[in-house]
Amino acid sequence: MSVISNNDDSDPDSIMFQTDNRHYVVYFASGTVIHSDFSAVESDEGQLALSDILKERITCTKSDKNCVGLKNEFVKNVRYLSLKTSEDFENLSIILDSLNSNETKAWRKGRIFYLAIPPSAYTKTVENLHKCCYQGDEYSWSRVALEKPFGSDKESANNLVHGVAKYFREEEIYLVDHYLAKSVVKQILPFRFSNKDKLEQLLRHQYVDRVEIVMKETIGVKGRIDFYDQYGVVRDVMQNHLTELLALVTMELPRNISNHNSVENNRLHTLKHKSILTGQYSKYLEHAKAEKDNVTSSYFTPTFGATLILVDSYRWKNVPFILVSGKHLDERSSYIRIVFKDREICLSGCNTKRNTTHFFGPKQIIFQIGHGNLPSAGILVSKGLLIPKWPKGITELAITAEDFNEYGQNLNDFTFGIPVKNIEAYSTVIDDMYNGEQKSFVGTKRLLKLWDIWSPIIKETNAKLPRLYKEEKDPMLNFRIVNSGLEFISNPVNIFSDSGSEKYQSRVATSIPGMFLVSLSIDELFRESANTFEKISLAAFEQRGVVNVAFSGGRTPSDFLIHVVRS
Ligand SMILES: O=P(O)(O)OC[C@H]1O[C@@H](O)[C@H](O)[C@@H](O)[C@@H]1O
């Protein structure tokens, strides 16, 4: 097995696994660590740094006696290579062939090229890997895995898909969306299938009031500002993770949910977007200034997004699907919440026995993906809705928490099923790739279809200033559904103190539709102008040894002149 760092100086963190009949599964907790430690290092240093990271990151539980031996063997077998020139790729080929040479041809040897590099580098890297290291005879196979983002709009995604398809066949390409590999997400179709007699009848516009698909995070994006300025929360998680979840809930069930092609075809829905709200956590700009020189685009970067989407089918006619995600929010939780219409009114003799189907109360199904406040990830079904049949991968959890309320219901009012095995998503990704199981990956055709809906949404966000919000808890982000769109409930207010020279409130309110906004606050404008003035003056002085300046009179430029004098 080899782990290889790749690429140009700016982004050298591609990872490649070669797996053979000795099957290792490794999870890198954070690719960015590899990235920052490894930029522009020589191979020997890279090897040492990589070994250190692996030793630290791969942990063994006390009960697993074989683990320490396997871990040491694994760390010894991992190599670091820097791939920049075609000779580097040839060298890689020699190394890989030498690993194969002692093997008999009794089994098929496999190579998985796992790339986590900037989308712009995918095609060239895939071409080089194909040239040096592809194997595809009857005794071997090759697969290439790409980490999202898969392009930044329809055109770049199209180029990516066609670029990779020149070298690898569709069944050899694995577009990784780790949300599809989460234990609860893997159970959505089996759960629907196990309950197809009753639940499937309820999953339609006559019964469903709305569906919320939410991914809340408490962390920010410090250290990833450059990436976030390019992609923002919409491209980072909404276009992929959240839309994939939507597809799993809304698709028609194929007759055989194990058939990958039928599942993939049924997932291809046409979606209609209605409106998007965006926000940015208050310290974002401060973080941006610490990480880059020019922060002009940072003003527009959304770290929070909420959008309403309609599915273009009779079954889901006019049902609002509300997709929400944000950084630095009050909790870490991700879920799909299907809220059913409730038309039952209890006047007297209401059944308060919770384990009966006529229990009055909210009716909902929640796929809790990241466990949030709950004791585990799992599937919650209101007892008043139906008593579910669990698929093989889910087991019922007895709930004893009397005082625990979640989603407007006492936890006791739900039937709660949890995954029999809660497996880390990236372990599943690598396992599935190794076994040639494509269900947890994004098909290329579907990827392009996803961009049809998201490209115009992104265009809308690019021209709009996000609402600023306070980290951790801010009611200013609460919104409501109006006329098939969304709007914030409260008007923007100045959430920052007015001290110092930064006049932040103008960032909240300023937006000039259809115009390029040069500056977001008058103070910022004067500061930038003074910087430019200084640069031009110094350049002129260097050239001619003297600078003459004429300033206009009046009060308008006075703040600008103050900045010039200060600088
Ligand atoms: O919910 P999980 O598995 O921790 O994944 C969340 C992460 O998913 C990644 O795809 C995004 O790039 C990150 O911004 C996000 O934090």
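This structure is a prediction, so every number in the text was calculated from the model and none was measured. As the structure lists them, so they are numbered: ligands from 1, and atoms in each ligand from 1.
Remark: side-chain polar atoms of S156 are paired, donor with acceptor, to backbone N or O of S152 under 3.5 angstrom. Judged purely by atom type and a 3.5 angstrom limit, Q239 has no side-chain atom pairing as donor or acceptor with the backbone of W454.
Between K148 and D177, none of the side-chain N atoms (NZ, or NE/NH1/NH2) sits under 4.0 Å from a carboxylate O, so this pair counts as no salt bridge.
Every atom of ligand 1 with a heavy atom of K182 under 4.0 Å away is listed here by number and element: 1 (O), 2 (P), 3 (O). In summary, the atoms of ligand 1 found under 4.0 Å from a heavy atom of M215, numbered by their order in the structure, are 6 (C). In the vicinity of H241, heavy-atom distances shorter than 4.0 Å reach the ligand 1 atoms 8 (O), 9 (C), 10 (O). Taking every heavy atom of K327 and a limit of under 4.0 angstrom, the matching atoms of ligand 1 come to 13 (C), 14 (O), 15 (C), 16 (O).
Among all non-hydrogen protein atoms, the one lying nearest atom 11 (C) of ligand 1 is D236 OD1, 3.3 Å.
Under the salt bridge (charged side-chain N to carboxylate O under 4.0 Å, His left out) criterion, R446 pairs with E244, E264, sequence neighbours left out.
Only the side chain of R332 comes within 4.0 Å of ligand 1, judged by heavy-atom distances.
Considering backbone and side-chain atoms together, E217 places an N or O closer than 3.5 Å to an N or O of ligand 1.
Ring planes of W141 and Y434: perpendicular class, angle over 60° (limits at 30 and 60°).
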